[in-house]
Each structure stands twice: as structure tokens, then as C-alpha cells.
Amino acid sequence: MRSIRWASVATVGGCALVLLICAIAALRGRPWAWAPGLVAAAVGLRELRALQRGLR
């Protein structure tokens, strides 16, 4: 069994939190919040895929 890369897990969690905050801000009428939200989603998805590759 391989060790867990905790930095990547923390990055995915942080990106999820930023995405949630940006989505709430965008739904409350601040359309500029979609840009950092989409960046956070892209980074989080990239890290999640890297974690999944590490498990195989």
C-alpha cells in the first residue's frame, strides 16, 4: 500500500472550500466570483486525478 499524499488531500479540500465560497458569492450577485471559483475547481480536479493515479 502506498502512502497518502496529505498535501494533495489538503489542496483538494482547500479548493472545495474556495469553490463553495465563490459559488455562494456568485449566487448572491457577485459574478466576478466565478473566475476564482473555476480556477479552484480546475486545480482541485487536477489534484484529485493525481491522487487517483497514485492509488493504482
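Since the structure is predicted, the reported quantities are computational estimates derived from the model, not experimental observations.
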Q.
Is the shortest side-chain heavy-atom distance between Arg28 and Arg30 below 4.5 Å?
A. yes
Which pair of non-hydrogen atoms, one from [X] and one from [Y], has the smallest distance, and what is that distance?
{"X": "Leu19", "Y": "Gly37", "result": "CD1-O, 3.3 Å"}
{"X": "Ala33", "Y": "Pro36", "result": "O-CD, 3.4 Å"}
{"X": "Leu51", "Y": "Arg5", "result": "CD2-O, 4.0 Å"}
{"X": "Val12", "Y": "Gly44", "result": "CG2-O, 3.8 Å"}

Q. Side chains of Glu47 and Ser8: is there a donor and an acceptor less than 3.5 Å apart?
A. yes
Q: Consider only side-chain heavy atoms of I, L, V, M, F, W and Y, link residues closer than 4.5 Å, and tell whether Leu48 and Trp6 are in one cluster.
A: yes
